[in-house]
Engineer: 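Take a look at the following structure, please.
Heads up: numbering here begins at 1 and tracks the sequence.
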Amino acid sequence: MSAIIQASPLEKFSQEPLPTGDSCVLVIFGASGDLTKRKLIPGLYNLACVGCVNPEFEVLGIGRTPMSSEEFRKKTGEAAAQSKDTRDFSESGWTDFERRLHYMVGDINDRKFYQQLRGRLEGMEKNGSSPNHLFYVSTPASVAAPIIEGLGAVGLNRRDHGWARIVLEKPFGRDLDSAKGLNEVVREVFDEKAVYRIDHYLGKETVQNILVFRFSNSLFEPVWNRNYIDYVEITAAETVGVENRAAFYEETGALRDMVANHLLQLLALTAMEPPVAFDADSVREQKVQVLRSIRPISVEDVARFTIRGQYGPGIIDGKRVPGYRQEPGVNPISATETYAAVKFQIENWRWAGVPFYIQTGKRLARNLTEIRVHLKPTPQALFAGTSSRIAPNVITIRIQPDEGIEIAFDAKRPGTQLRTVTVQANFCYQTSFGSKGPVAYETLLLDSMRGDATLFTRRDEVEAEWRIITPIEEAWAQLAPSDFPNYAAGDEGPVSWNELLEIRGSSTEQLLR
């Protein structure tokens, strides 16, 4: 049973002024890759269509695949037309946008290339292009260092006139040592304020709404602590497998791919103290404090507080799909996890004794990303003489696919006897505001053009995340799993998830309902 919460008419139809990014040349390393076609170009096209990019904005794609600028425009145009992230694609709109796109063939491991790149950018500037340069490293973390060092070697990291910034895609390293090493390379070349470590989850509307929900509503802020909250569940479940990312996934796994960044970011936003202002330094400082407060998991505790799994053959949407070890490009005896779950404890005044359960996996029963905050039950003395069982309140923040917030509470069932039923109050972005908001990459690309780092991760934040995750990875590496695959595609994950939640009386069925 549910009720829908609507925005007021004034809020629903008012349109706030759209910000515009600074003039710049966006240099994309890895421009012939999948991310550029699926996310970056559609996001930039959307921004251009609504007037958020500066008239003096251009894109210079860098890739090893030989092609002309005309071919680059044609391929990205075809991809943008088919992308689910592209809004209102039209031939006329693309014709107007594609004039901003340029392409340059280059080997990022060749030091001579960076001198050529500098020459290309200087030539563009003489022809009227912006002196501001935004470098986007859309490549694996393992090849990020040569790019950063190459830019520094030819002086593209600092400008006599205009600015230079760099955006780095996750994963930022693969463990604590590699993250520290990469951070040191970055520090030697770029000022920290010019570095934008991107985590696209932070660009999602509902993720940003967590802070508004928590800190602007007196109905919830006073109970957001250990006195009223029993436990918190954070889930990112996918029905898809590894698709064409087998080479990447074999080296990464679910823990590094999702928990080490996306889900720890959701945990930090859920648990952080109120910042003094909604600016980059204030927000990121509070997130870092949460990450530093998480109790490290020792090697001995890994077996008690973590779960890993790998999907076998199964059925998704009525179709039989292969197991992970049967996917193209995957080692037939691979020990890479496609499912990971961890119980975290935050040892600070607000959250002492409140467990945070995180789980993520591929080929699960449904697509779902959400945060579920379980409040403690009320004393049952008032209802002791009735047959009713009062269920604790649950606040669900849905991040995808249906962005919104749901609050479960108890009400009396109509009739002459005192019987209760759990009902839900639902807020849905689509229903309330009538249109989809910007996709995550739109928000983050625009923020990087404007110089707003609030939704990007800081150096110490990244290292704090790896300080939590690396001991788990090291413990898992010492003992290869003997039961893989341990859940079927289309299932709800390993049955041991129930055991991890057993003390709280929850279940996977409740979580993924």
Side-chain angles (χ1 to χ4, degrees), residues 24-45 57-69 71-80 83 85 98 100-114 116-118 120-121 133-154 156-157 164-174 178 182 185-186 189-190 195-200 203 242-252 256-257 261 329 439-442 444-445 448-449 456:
C24 66
V25 177
L26 172 61
V27 182
I28 303 176
F29 292 93
S32 57
D34 189 53
L35 180 66
T36 300
K37 291 184 290 187
R38 286 192 308 110
K39 297 294 184 181
L40 302 186
I41 294 298
L44 292 169
Y45 172 80
F57 168 78
E58 295 175 90
V59 175
L60 176 59
I62 308 295
R64 298 185 67 173
T65 303
M67 71 175 95
S68 65
S69 292
E71 290 172 316
F72 179 61
R73 292 164 184 163
K74 183 175 185 296
K75 289 187 176 182
T76 53
E78 291 171 350
S83 172
D85 287 343
E98 70 173 0
R100 303 173 182 268
L101 305 181
H102 312 275
Y103 186 80
M104 180 179 181
V105 180
D107 181 356
I108 59 176
N109 293 307
D110 182 0
R111 285 301 181 99
K112 296 179 182 178
F113 161 72
Y114 295 94
Q116 298 169 6
L117 174 60
R118 176 169 180 158
R120 177 70 176 268
L121 291 172
H133 298 154
L134 178 60
F135 300 103
Y136 197 115
V137 183
S138 176
T139 64
S142 58
V143 297
I147 295 173
I148 297 165
E149 291 169 341
L151 294 173
V154 297
L156 285 173
N157 55 322
R165 300 174 188 146
I166 187 166
V167 180
L168 298 167
E169 268 287 345
K170 71 94 181 171
F172 197 81
R174 56 177 288 107
S178 62
L182 188 52
V185 171
V186 173
V189 178
F190 286 91
V195 181
Y196 293 72
R197 299 173 185 83
I198 194 167
D199 184 332
H200 73 268
V242 294
E243 298 179 301
N244 60 349
R245 302 171 69 216
F248 164 80
Y249 209 83
E250 275 286 85
E251 294 184 1
T252 307
R256 287 190 178 99
D257 186 39
N261 36 75
V439 296
Y441 274 96
E442 286 178 58
L444 297 173
L445 284 164
S448 64
M449 294 178 207
F456 295 82

Engineer: Quick check: do V27 and L121 have side-chain heavy atoms less than 4.5 Å from each other?
Structural biologist: yes
Engineer: Could you state the interatomic distance from CZ (R100) to NE2 (H102), rounded to the nearest 0.5 Å?
Structural biologist: 9.5 Å
Engineer: I'd like to check S138 versus I28 (side-chain heavy atoms, cut-off strictly below 4.5 Å). Are they in contact?
Structural biologist: yes
Engineer: So, E250 side chain and A247 main chain: donor-acceptor pair closer than 3.5 Å or not?
Structural biologist: no
Engineer: Could you tell me whether the side chain of I62 reaches within less than 4.5 Å of the side chain of R120, counting heavy atoms only?
Structural biologist: no
Engineer: Would you give the length of the straight line joining atom OG of S448 to atom CG of L134, rounded to the nearest 0.5 angstrom?
Structural biologist: 4.5 Å
Engineer: Rounded at 0.5 Å granularity, tell me how far CD1 in I108 sits from CG in L117.
Structural biologist: 12.0 Å
Engineer: Please examine the side chains of T65 and Y103, heavy atoms only from C-beta on, and report whether any two atoms are closer than 4.5 Å.
Structural biologist: yes
Engineer: What pair of heavy atoms forms the shortest contact from R197 to V186, and how long is it?
Structural biologist: NH2-CG1, 4.4 Å
Engineer: Assess the residue pair F172 and D199 against the criterion (side-chain contact (heavy atoms from CB on, under 4.5 Å)); give the C-alpha distance rounded to whole Å, side-chain angles, the decisive distance to 0.1 Å, and a yes or no.
Structural biologist: CA-CA 10 Å; F172 197 81; D199 184 332; over 6 Å; no
Engineer: State, to 0.1 Å, how close V105 and R64 come at their nearest heavy-atom pair, and which atoms those are.
Structural biologist: CG1-O, 4.0 Å
Engineer: Please say whether more than 12 non-hydrogen atoms of neighbouring residues, nucleotides or ligands are located less than 6.0 Å from CD in E71.
Structural biologist: yes
Engineer: Give the minimum heavy-atom separation between A80 and P42, together with the two atoms involved.
Structural biologist: CA-CG, 4.4 Å
Engineer: Can you tell me how far the NZ atom of K170 sits from the CD1 atom of I198, to the nearest 0.5 Å?
Structural biologist: 11.0 Å
Engineer: Considering only heavy atoms from C-beta outward, does the side chain of L168 approach that of F190 to under 4.5 Å?
Structural biologist: no
Engineer: Does K37 come within less than 4.0 Å of E78, counting only side-chain N to carboxylate O?
Structural biologist: no
Engineer: Give a yes or no on whether a salt bridge exists between D85 and K39, defined as a side-chain N under 4.0 angstrom from a carboxylate O.
Structural biologist: yes
Engineer: Nearest heavy-atom pair of D107 and F113: which atoms, and what distance?
Structural biologist: O-CB, 3.6 Å
Engineer: Using the rule side-chain contact (heavy atoms from CB on, under 4.5 Å), only one of N157, I147, L156 pairs with V189; which is it?
Structural biologist: N157
Engineer: Would you call L40 and T76 a side-chain contact if the rule is heavy atoms closer than 4.5 Å?
Structural biologist: no
Engineer: Where do I41 and K75 land on the side-chain contact (heavy atoms from CB on, under 4.5 Å) test, with the steps shown first?
Structural biologist: CA-CA 11 Å; I41 294 298; K75 289 187 176 182; over 6 Å; no
Engineer: At what distance, to the nearest 0.5 angstrom, does CZ of R165 lie from CE of M449?
Structural biologist: 10.5 Å
Engineer: If the plane angle is over 60° it's perpendicular, under 30° parallel, otherwise tilted; pick one for F456 and Y196.
Structural biologist: perpendicular
Engineer: side-chain contact (heavy atoms from CB on, under 4.5 Å) for E169 and V137? Distances and angles first, verdict last.
Structural biologist: CA-CA 6 Å; E169 268 287 345; V137 183; over 6 Å; no
Engineer: Any heavy-atom pair between the side chains of E98 and K74 that's under 4.5 Å?
Structural biologist: no
Engineer: What is the minimum heavy-atom distance between G61 and A31, and which atoms define it?
Structural biologist: CA-CB, 3.4 Å
Engineer: Is it the case that the side chain of N261 and the backbone of R256 share a donor-acceptor pair, with hydrogens and angles ignored and the cut-off at 3.5 Å?
Structural biologist: yes
Engineer: Working to the nearest 0.5 Å, report the span between NE2 of H133 and CG of L26.
Structural biologist: 11.0 Å
Engineer: Mind checking whether I148 and L182 have side chains closer than 4.5 Å, heavy atoms only?
Structural biologist: yes
Engineer: Can you name the nearest heavy-atom pair linking Y249 to D257, along with the distance?
Structural biologist: CE1-OD2, 3.7 Å
